[in-house]
Each structure stands twice: as C-alpha cells, then as structure tokens.
J.: 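Pasting a structure here, questions to come.
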Number of protein chains: 2
Amino acid sequence: MRVRLEDVARAASVSPKTVSRVLNDEANVTDATRQRVRAAMEAMDYRPHPSARSLAGNRSFLVAMLYDNNDNPSSTYLAEIQDGVLEACDAHRYSMMVRPLRMRDGDFIRRLDTLISDHHPDGVVLTPPITDYAPLLKRLREHKVPYASVSPLRRGKTLGVTMDEQHAARAIVEHLLELGHRRIAHVIGIANHGASRWRLAGYREAMAAAGLPEDPALVVQGAFTFGSGVEAARQLFSLAERPTAVFAANDDMATGVMWAAGEYGLKVPHDLSVCGFDDTPLSRQLWPALTTVQQPSREMGKIAAEQLLTELRGHGTGRLVQMPFSLQIRGSTAIAP
Amino acid sequence: MRVRLEDVARAASVSPKTVSRVLNDEANVTDATRQRVRAAMEAMDYRPHPSARSLAGNRSFLVAMLYDNNDNPSSTYLAEIQDGVLEACDAHRYSMMVRPLRMRDGDFIRRLDTLISDHHPDGVVLTPPITDYAPLLKRLREHKVPYASVSPLRRGKTLGVTMDEQHAARAIVEHLLELGHRRIAHVIGIANHGASRWRLAGYREAMAAAGLPEDPALVVQGAFTFGSGVEAARQLFSLAERPTAVFAANDDMATGVMWAAGEYGLKVPHDLSVCGFDDTPLSRQLWPALTTVQQPSREMGKIAAEQLLTELRGHGTGRLVQMPFSLQIRGSTAIAP
DNA sequence: GGCAGGAATGACAGCGCTGTCAATTTGCGT
DNA sequence: ACGCAAATTGACAGCGCTGTCATTCCTGCC
C-alpha cells in the first residue's frame with residue numbers, strides 16, 4: 001500500500017530513526033548514510049504522512065495566511081500574495097491555509113484562538129491592512145506563534161517584506177514634475193492603510209523638494225476603488241484651477257480618474273496626465289496604458305513566507321526584506337499642456 | 001496542558017471510545033450519555049487534535065479547492081467562491097486548502113498526484129474553468145477522491161452547484177428588447193468556458209424568440225477582461241450600422257465597452273445601452289451603474305462545499321443544486337434612441 | 001421469571017512518525 | 001596499539017485518536 005518510513009529504513013538498511021533524521025535535515029548523519037537514505041526515498045517515492053509527523057513531532061507544517069475580508073485592498077492583490085505564499089510553502093513542503101478575519105466584527109480574537117487551537121499553525125503570514133493591529137499581534141505572541149508581515153506599517157524588528165513605497169511615490173511624482181507639471185493632484189487610498197500614508201508622504205516629499213507649496217484642494221480622499229477614483233476626479237475637475245496631472249494611490253482609482261476625464265472631455269494624456277500604483281493587469285489594458293509603479297506582490301508574498309519558514313526551521317533568523325520597485329512609464333503621462 | 005479526549009472521558013465517566021463516538025456523531029449512544037459527554041466537551045473547551053484524528057481514522061478532514069491560475073475568470077470571482085467554500089468547511093470543522101493548477105502546463109496530473117499523496121484531501125471543490133477537464137476528473141475518480149463542481153459545463157450526475165446562466169442571459173437580452181432595442185450586440189467571453197457558451201446561447205435564444213435574425217457582425221469575441229471589452233467595442237462602433245445596445249458576457253468587459261463608448265463620444269445610456277453579467281462590486285461604482293445579472297458566487301462556493309461534505313459524511317447523497325439569479329436593472333440601460 | 005437478541009459501552013492495539021536516551025562506532029592523541 | 005571523547009546509530013515508548021471486537025446492559029416475549 002502506502003510506503004512508510006519503516007519501509008524506507010528497511011530498504012536502506014538503517015533504523016527508522018535515521019530515516020527520520022534525514023527527512024528532517026538533522027545533524028549527525030554521515031554523508032554516505034544520508035545519500036543512501038535519500039536514494040531509497042527517491043526510489044520508493046516516499047511521502048511522509050503529515051498527520052503522523054505532526055502528531056509525533058508536535059508541529060503542524062502548516063502556515064496560515066490571514067487577511068481582512070471586510071476591508072481589504074483589491075482581491076487581485078491578495079490573490080497574488082496568496083499565490084506567492086503558496087509557492088514558498090510548497091517548496092518547503094509546508095501546507096497553507098487561508099483565514100479571513102473580520103477586524104470590524106470584534107470577535108476576531110476568538111476566531112484567532114479557534115484557528116490556533118483547531119489547526120495549530122506553525123506560523124502565520126499577515127497581509128495589509130492587518131499587519132499592524134496591536135491586539136492581534138499581541139495574541140499571536142501570547143500563543144507563541146511566529147508571524148511574518150507583508151508591507152507592515154511599522155518597520156522595526158518585524159519579520160517580513162516591504163517595498164519603499166514612499167520612495168516609489170516620490171519617484172513617480174518626480175516623473176510628472178520632469179514633464180513640466182506643476183498642479184499635480186493626489187488621490188489618497190483608505191485612511192490608515194500603510195500604503196495610503198506612504199504614497200501620500202512620497203507625493204508631499206516630491207512636491208516640497210520641487211519648491212511647490214501644498215494646495216489642500218489638490219489632495220482628495222479616495223478608497224482604493226474605481227468608483228472612489230471617479231468621484232475624487234470629479235471633485236478635482238470642478239476646481240477653478242484644474243490640475244494637469246493626477247497621481248492616484250492605486251491603479252483602480254487611477255482608472256476611475258481616466259474614466260472621469262472622459263466625462264469632462266479631457267483627453268489623456270494630452271490634457272491630463274494620470275498615474276497610479278500597483279501595476280495591476282488592468283493598467284496595461286487601458287488605453288492609453290497607465291503609468292504606474294510595479295509592486296511585485298506575488299514575489300512579496302513568497303518572500304514573506306520564506307522569511308517565516310526560515311525562522312521556523314531555526315536556520316538563521318529571518319528579517320524584514322526590502323523589495324525594489326520599478327516605474328512603468330506608459331502612455332497616460334505626457335508633457336504638461 | 002491540552003485537553004485530550006481521555007480527559008473528557010474521565011470527566012464524563014465514560015470510556016474514551018464513547019467520547020469518540022459522540023465526537024463523530026456515531027450511532028449507538030444513549031441520549032443521556034451523549035448529553036453528558038457534550039456537556040463535558042463544552043465545559044472543558046475540548047478541541048480534537050486533527051492530526052491524531054486523521055492518523056487514526058484514515059481521513060484528513062481536508063477539502064482542497066482547485067483552480068486554474070493560468071486562465072481564470074476574475075480573481076474577485078474566485079475569491080468569493082473561496083470565501084464561500086471556507087465558510088462551509090469551517091461550519092463542519094473541515095479545513096480547506098487552495099491549490100492552483102496550471103492546465104496549460106501539462107504537468108497538472110503530477111501536481112494533482114502530489115497534492116493527493118501529500119495531503120490526502122477527503123474531497124475536492126472544482127471551480128471554472130477546470131470543472132470539466134476530463135483527464136482531471138478521471139484522475140480524481142481513480143484516486144477515489146470525491147469532488148463537487150461550481151458551474152460545471154456538463155450537467156449530469158455531477159455533484160455541485162450551477163446557475164441557469166442561459167436563462168439569465170436570455171432574460172437580460174429580453175430586457176433590452178423590451179426597451180425597444182433591435183441591434184443588440186454580444187461580446188463573448190473566453191471560448192470553451194461554460195459561462196461563455198451559456199451566455200451566448202441565452203443571447204441567441206432571446207434574439208431568435210424576438211424574430212431577429214443573427215447578424216454575425218454583432219457577435220464579437222472577447223476574453224472576460226476590461227481590455228478585451230474595449231477592443232470588442234471599438235470593433236462594434238466602427239460598423240456602418242452601429243448597435244444601440246451591447247450585452248457583454250461579464251461586467252469587466254461591459255466596463256470596457258462603456259470606456260470605449262466614451263472614446264467614440266457615445267453617451268451611456270442615451271446613445272448606447274450596456275449590460276454585463278456577474279454583478280461585481282465594480283458594476284455598482286460605475287456611472288451610470290451597470291445593468292447586470294447577479295450571480296451569488298459566494299453562496300455557490302458555500303453550497304458546492306456543502307454538497308461535497310454531505311457526500312463525505314454519507315448523510316444522504318449530494319446533488320447538483322440550481323441557484324436562482326436576479327437581474328439588476330440599473331442606469332446603463334435605457335429606451336433605444 | 002428467564003432468556004434470546006439487539007443496543008450500548010469498553011478494552012486494546014495501532015495509525016506513522018519523532019523524542020529520549022542508550023548503544024555502538026569513529027577519530028584522535030599518545 | 002590503546003583509551004577516551006565525540007559522532008553516529010538504534011531501541012523503544014508514546015503523540016491523541018479510532019477500528020475491531022469483546023463485554024455488559026437492556027428490552028420484549030414466552
């Protein structure tokens with residue numbers, strides 16, 4: 001029937017315990033033995049039984065990915081992160097479980113406790129915006145469940161991965177400045193999301209560096225959705241002195257801005273330059289294609305999970321990795337009119 | 001430390017085996033005993049150890065949700081299904097695992113085998129477009145892993161959930177006909193997806209019933225994306241005799257059509273009526289809001305999982321459930337010009 | 001009242017692996 | 001060549017639960 005560890009042991013003429021050691025990359029096995037056991041495993045296509053390992057070894061080989069499904073950034077973004085986390089888990093033969101948590105509902109602590117006592121994840125990956133919710137982090141530490149975060153708000157000794165979003169935002173605004181734009185507007189994302197803060201900060205930084213005083217009328221609140229982009233843009237286009245460029249905090253809102261531009265008879269990029277952030281598939285399909293910042297979400301999910309797994313295996317200690325970004329200059333931005 | 005089944009047994013003055021019986025809803029336990037055991041479990045906040053259950057009982061309490069991440073319908077759609085499946089699994093104390101499969105890559109059979117030998121899922125939920133890929137289904141049957149499908153192409157004795165998409169498509173086209181439209185175009189989704197076929201069939205049915213001969217120029221291929229909607233619309237708007245209404249096979253493409261309408265100076269709904277399918281969040285944020293068909297994806301995921309779980313528990317046998325749909329008549333459709 | 005027959009309960013082994021610790025082998029200095 | 005410490009290997013129990021089968025407890029009926 002099923003090939004068991006014992007069968008491998010017999011085939012390799014060693015004790016089961018030695019096979020176990022090889023399986024878990026433990027020390028104190030001679031290379032010769034290790035090779036022999038590996039060969040036997042390979043030959044017999046041995047697959048350890050996760051439940052047995054988990055029961056005997058008191059660990060689950062399970063990573064849970066937590067997200068907030070009340071209030072999440074786009075589901076595309078989450079899906080990409082999920083894909084990356086999954087890839088890393090697969091590579092290390094961990095399994096992954098996804099858990100929506102509803103922060104607003106208040107019972108999330110109970111739900112977290114349930115998750116932990118029911119499934120005993122060895123570690124947890126946190127995604128925005130729940131990377132910095134103090135009660136959650138506290139509870140995880142109480143349960144002694146290690147975690148890694150994707151784009152946490154607070155940098156520090158946290159495990160995980162970030163991108164220098166502020167720098168990226170500054171760079172994209174500088175691109176607009178170089179094109180001669182002076183009245184540059186910004187559409188902010190959902191308040192309190194790290195992404196919103198950093199992108200706003202980058203915008204301000206670039207404007208200030210260019211010696212342009214901030215015009216409050218040019219900074220409008222949005223909510224990361226297409227619709228909120230449309231509304232923000234309408235507000236901007238109704239101003240006596242209209243902006244010549246809009247930097248929206250994500251692509252969905254930028255798309256909304258382009259949509260609204262059509263309503264007002266503004267041609268992009270001739271009358272108005274628009275840029276976004278994220279480099280979603282949508283941004284390439286638009287016409288003109290959207291100038292934006294590429295954020296490697298999938299890769300970030302993967303790296304966050306790898307940091308966590310490194311920590312779990314005790315192989316050295318993980319840290320907060322900073323990802324590079326890249327501007328995608330496309331057709332939606334042009335010389336100021 | 002941890003409360004074990006044995007502890008509950010002692011508290012309820014029964015043997016461990018009896019507690020196990022209660023835990024698994026088995027027969028041959030008096031109500032009195034059952035109550036007593038339940039009370040003890042409750043009082044001690046007992047949580048069975050999944051690995052121990054799985055090891056001893058030879059089942060995993062695991063449901064895997066499979067999807068194609070080369071070629072999927074929108075990630076929003078999948079995310080909703082995932083949420084629904086998760087909800088059902090949670091309710092029955094099963095855990096859920098998501099597995100992207102790349103049908104195009106050809107090694108998916110090996111990946112499926114790996115999934116099964118590594119994790120031993122008790123059952124599998126299939127999502128479009130991999131609900132009908134014969135080699136996959138065959139392999140699942142060979143492994144004797146039961147499956148349930150969301151919107152399978154082939155109805156039959158399959159377990160799962162569908163919606164009468166053809167009927168819904170017909171209904172929405174009839175809505176356009178009632179508004180006086182005669183030149184009604186259709187933008188098709190990705191070929192071979194059941195969704196594309198049914199929606200096209202519904203369109204044809206409605207047109208034929210109204211006695212309108214099919215004009216091939218009015219039926220354009222798309223690919224379920226915003227961009228493909230834009231391109232399809234450009235094609236339609238370049239016709240000598242333009243359509244007065246467009247029914248796109250999903251909301252993303254319908255949004256693309258509205259976008260392209262702006263480029264051509266067509267006002268929606270005054271000059272052009274547009275409708276979609278799916279009722280994505282986007283459809284409500286547009287202006288005008290999109291007339292579309294509400295497809296209860298989350299609910300469908302939940303029901304598919306429930307059908308599967310029913311089957312797994314042997315409590316009666318699951319079947320193919322048909323969901324109701326509802327038209328969402330909004331601002332993007334109006335009386336023909 | 002006694003007994004068959006089914007319902008309810010329990011004893012016990014074992015699922016496949018790893019932790020602990022004991023046994024054995026190896027390498028090294030003298 | 002010998003002794004000793006360190007490296008390597010193995011024996012064995014047990015993780016928390018369920019399957020199997022034996023045992024006990026009820027019924028109803030003659």
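The chains referred to below are lettered A, B, ... by the order of the sequence lines, with proteins before strands, and numbering in each begins at 1.
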J.: How large an angle, rounded to 10°, do the end axes of the helix from C:dG1-D:dC30 to C:dT30-D:dA1 enclose when each is built from five base pairs?
T.: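 Angle reported: 30°, given to the nearest ten degrees.
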J.: Could you tell me how far apart B:R21 (CZ) and D:dT18 (P) are, to the nearest whole angstrom?
T.: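 Distance check: B:R21 CZ to D:dT18 P gives 11 Å.
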J.: Can you tell me if A:R53 touches the phosphate of C:dT18, counting only side-chain N or O atoms and a distance under 4.0 Å to OP1 or OP2?
T.: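 Affirmative; the distance criterion is met.
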J.: Hey, could you give me the CZ/CG distance between B:F108 and B:L112, rounded to the nearest 0.5 Å?
T.: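 Reported to 0.5 Å precision, the distance equals 8.0 Å.
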J.: From the set D:dG16, C:dC17, C:dG10, return the single nucleotide nearest to any side-chain atom of B:S15.
T.: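 Closest of the options to the side chain of B:S15: C:dG10.
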J.: Rounded off to whole Å, could you give me the CG-to-P distance for the B:L55 and C:dG14 pair?
T.: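 After rounding, the gap between these two atoms is 14 Å.
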J.: Taking only side-chain N and O atoms of B:T18, does any of them lie within less than 4.0 angstrom of OP1 or OP2 on C:dT9?
T.: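 Result: no.
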J.: Answer with base, sugar-phosphate or nothing: what part of the nucleic acid does B:N24 contact at a heavy-atom distance below 4.0 Å?
T.: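 Sugar-phosphate, backbone atoms only, no base.
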J.: Can you work out whether B:H49 or A:A27 has the more 5'-proximal nearest nucleotide on DNA chain D?
T.: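 Nearest nucleotide further toward 5': that of A:A27.
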J.: Evaluate whether atom CD of A:E42 has more than 12 neighbouring non-hydrogen atoms of other residues, nucleotides or ligands under 6.0 angstrom away.
T.: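 12 or below, so no.
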J.: Would you say C:dA8 has OP1 or OP2 under 4.0 Å from some side-chain N or O of B:T30?
T.: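 No, no such contact exists.
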J.: Establish, for the pair B:R53 and B:F61, whether the NZ or CZ atom is under 6.0 angstrom from the six-membered ring centre and no further than 45 degrees off its axis.
T.: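 Yes.
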J.: Please tell me if B:S20 has a side-chain N or O lying less than 4.0 Å from either OP1 or OP2 of D:dC17.
T.: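 For D:dC17, OP1/OP2 do not have a side-chain N/O of B:S20 under 4.0 Å.
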J.: If you only use heavy atoms from C-beta on, which nucleotide in C:dT9, C:dA11, C:dC17 is closest to the side chain of B:K17?
T.: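 So the nucleotide nearest the side chain must be C:dA11.
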J.: For the side chain of A:E26, starting at C-beta, report the closest nucleotide among C:dG16, C:dG19, D:dA7.
T.: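 Looking only at heavy atoms from C-beta outward on A:E26, the closest nucleotide is C:dG19.
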J.: Sub-3.5 Å donor-acceptor pair from the side chain of A:R47 to the main-chain atoms of B:S117, do we have one?
T.: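 Between the backbone of B:S117 and the side chain of A:R47 there is no qualifying donor-acceptor contact (under 3.5 Å).
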J.: Which residues in residues 33-47 of chain A have at least one heavy atom lying under 4.0 Å from any atom of DNA chain D?
T.: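 A:T33, in order of number.
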J.: Count the heavy atoms belonging to other residues, nucleotides or ligands that lie under 6.0 Å from CZ of B:R154, then report whether that count exceeds 12.
T.: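 Incorrect, the count does not exceed 12.
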J.: Has B:S60 got a side-chain atom pairing as donor or acceptor with B:D122's backbone, closer than 3.5 angstrom?
T.: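 The answer is yes, because a donor-acceptor pair under 3.5 Å joins these two groups.
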J.: Looking at B:S54, I'd like to know whether one of its side-chain N or O atoms comes within less than 4.0 Å of OP1 or OP2 on D:dC17.
T.: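 Looking at the OP1 and OP2 atoms of D:dC17, neither is under 4.0 Å from any side-chain N or O of B:S54.
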